[in-house]
Trainee: 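Here's a structure for you.
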Amino acid sequence: MTGPVRRRRVLPRRFYDGDALEVAPQLLNKILVRGRRSGRIVEVEAYRGAQDPASHAYRGQTRRNATMFGPPGRLYVYFTYGMHWCANAVCGPEGEAQAVLLRAVTPLSGLEEMRHSRWAGRGPGPVPADRQLTSGPARLCQAFAITGEDDGADLVRRDRGLAVVDDGTPPPRRVGVSGRVGISAASELPWRFFVPGEPHVSGVPGPRTGRPVLPAPGRR
DNA sequence: CTTTGGATCGTCT
DNA sequence: GACGATCCAAAGG
């Protein structure tokens, strides 16, 4: 009943050393790992530095975005909306400030730790469905306990237990493509990539509003 | 099921 | 002083 035991290998530096538009779809079905926690990457977005009005790096280097200007293969973690962390894999040659935003993973292991990181300390009431665990850039950071402390972590060296690994599962034959979520500039560019049909993909373009919409909890 | 508004603060102008 | 690469609860139909 169990699938084949596949060797997991940490993605090498060269994997990240390319244009974000090429690296982003290649990250689909790779595995984000931190300690016991792991999840298959099912949704990402490419951000292309000076080429990209929606990128934090568009207007040049600052203290906040410095990691993006560094070497590929590191984690760029930023703080937004006064309460959320989001994580990117830095790619492209050093200095170009390209990055791939990790928007959703399907949990594979360490589910208890993830649930604890997400929902410990909440009051009485129903425990949210596991669908809400890691479907969204800030949700997955919370589930993996990724914060500003992890900004700059080298994913190739497994800094702080963080890495992206390949278990031999290729990206989907047909990659889902859409506009990027939650931005105002250049939102029409088709630089969001996802695994079609994966329940943990965070949002689809809403039919009414055009804004991302999660399937209702309980539906599949 | 859809839509709205609140939370909350670092960063850049 | 304005605004986020967001999430959630609550209200509305």
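Everything numeric here is computed off the predicted structure, so don't read it as measured data. Convention: sequence-line order gives letters A, B, ...; per-chain numbering from 1.
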Trainee: Does C:dA5 have OP1 or OP2 under 4.0 Å away from a side-chain N or O of A:His56?
Mentor: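 Yes, such a contact exists.
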
Trainee: Which of the following nucleotides, C:dC8, C:dT6, B:dT13, is nearest to the side chain of A:Arg59?
Mentor: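 The answer is B:dT13.
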
Trainee: Any ion pair linking A:Arg8 and A:Asp166 (charged N to carboxylate O, less than 4.0 Å)?
Mentor: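 Salt bridge: no.
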
Trainee: Quick one: A:Tyr58 OH to C:dG4 P, roughly how many Å, whole number?
Mentor: 15 Å

Trainee: Salt bridge or not for A:Asp130 and A:Arg115, using N-O below 4.0 Å?
Mentor: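 Between A:Arg115 and A:Asp130 there is a salt bridge, with a charged N closer than 4.0 Å to a carboxylate O.
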
Trainee: Give me the residues of residues 44-54 of chain A where at least one heavy atom lies under 4.0 Å from an atom of DNA chain C, by number, or none.
Mentor: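 Only A:Tyr47, A:Ala54 qualify.
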
Trainee: Of A:Ile31, A:Leu140, A:Val105, which is the lone residue that meets side-chain contact (heavy atoms from CB on, under 4.5 Å) with A:Ile41?
Mentor: A:Val105

Trainee: Could you tell me which non-hydrogen atom of A:Asp154 sits nearest to which non-hydrogen atom of A:Val156, and how far apart they are?
Mentor: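 Closest pair (atom of A:Asp154, atom of A:Val156, distance): OD1-N, 2.9 Å.
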
Trainee: Counting only side-chain heavy atoms from C-beta out, which of C:dA5, C:dT6, B:dA7 sits nearest to A:Ala138?
Mentor: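 Nearest nucleotide to the side chain: C:dT6.
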
Trainee: Taking only the side-chain nitrogens and oxygens of A:Arg139, find out if one of them lies under 4.0 Å from OP1 or OP2 of C:dC8.
Mentor: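 Result: yes.
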
Trainee: For A:Tyr47, is the NZ or CZ atom of A:Arg180 found under 6.0 angstrom from the centre of its six-membered ring and inside 45 degrees of the ring axis?
Mentor: yes

Trainee: Is the number of heavy atoms from other residues, nucleotides or ligands within 6.0 Å of CZ (A:Arg14) greater than 12?
Mentor: no

Trainee: Got a donor-acceptor pair under 3.5 Å from the side chain of A:Tyr81 to the base of B:dA7?
Mentor: no

Trainee: Going by distance alone, is a donor N or O of one side chain under 3.5 Å from an acceptor N or O of the other, for A:Thr134 and A:Arg118?
Mentor: no

Trainee: Grab the CH2-C1' distance between A:Trp85 and C:dG4 for me, whole Å please.
Mentor: 14 Å

Trainee: In whole Å, I'd like the distance from the CD atom of A:Gln61 to the P atom of B:dC12.
Mentor: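 A:Gln61 atom CD is separated from B:dC12 atom P by 11 Å.
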
Trainee: Would you tell me if any nitrogen or oxygen in the side chain of A:Arg64 comes within less than 4.0 Å of OP1 or OP2 on C:dG4?
Mentor: no

Trainee: Name the closest nucleotide to the A:Thr62 side chain, picking from C:dA5, C:dT6, B:dC12.
Mentor: B:dC12

Trainee: Give the nucleotide from the list B:dG10, C:dC7, C:dA9 with an atom nearest to the side chain of A:Phe79.
Mentor: B:dG10

Trainee: Would A:Val42 end up clustered with A:Val177 when hydrophobic side chains under 4.5 Å apart are linked, directly or stepwise?
Mentor: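 Both belong to a single hydrophobic cluster.
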
Trainee: So which of A:Asn88, A:Thr67, A:Ile146 actually passes side-chain contact (heavy atoms from CB on, under 4.5 Å) with A:Val77?
Mentor: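 Testing each of A:Asn88, A:Thr67, A:Ile146 against A:Val77, the sole residue satisfying side-chain contact (heavy atoms from CB on, under 4.5 Å) is A:Ile146.
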
Trainee: Closest-nucleotide mapping onto DNA chain C: is A:Pro137 or A:Ser184 further toward the 5' terminus? I mean the 5' end.
Mentor: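 Closest to the 5' end, via its nearest nucleotide, is A:Ser184.
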
Trainee: Just the rounded figure in Å: distance from P of B:dC12 to CG of A:Asn65.
Mentor: 7 Å

Trainee: Please convert DNA chain B into dot-bracket. A pair counts if it is Watson-Crick or G-U wobble with both distances under 3.5 Å; crossing pairs go in [ ] and bases paired with another strand get |.
Mentor: |||||||.||||.

Trainee: Taking the six-membered ring of A:Phe194 as reference, does the NZ or CZ atom of A:Arg192 fall below 6.0 Å from its centre and within a 45° cone about the axis?
Mentor: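 A:Arg192 over A:Phe194 ring: yes.
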
Trainee: Base, sugar-phosphate or nothing for A:Leu101? Non-hydrogen atoms, less than 4.0 Å.
Mentor: base

Trainee: In this structure, how many angstroms lie between the C1' atom of C:dT6 and the NE2 atom of A:His84, rounded?
Mentor: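 The distance from NE2 of A:His84 to C1' of C:dT6 comes to 4 Å, rounded to the nearest Å.
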
Trainee: For A:Arg103 and C:dC7, give me the distance from atom CZ to atom C1', rounded to whole Å.
Mentor: 11 Å

Trainee: For A:Arg180 and C:dT6, what is the distance between atoms CZ and C1' respectively, to the nearest whole Å?
Mentor: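 Taking CZ of A:Arg180 and C1' of C:dT6, I get 16 Å after rounding.
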
Trainee: A:Met83 CE to C:dG4 P: how many Å, rounded?
Mentor: 15 Å

Trainee: For C:dA9, does OP1 or OP2 lie under 4.0 Å from any side-chain N or O of A:Arg122?
Mentor: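 Yes.
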
Trainee: With a 4.0 Å cutoff (strictly under), does any side-chain N or O of A:Arg63 reach OP1 or OP2 of B:dG10?
Mentor: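 It does not, given that no N or O in the side chain of A:Arg63 lies less than 4.0 Å from OP1 or OP2 of B:dG10.
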
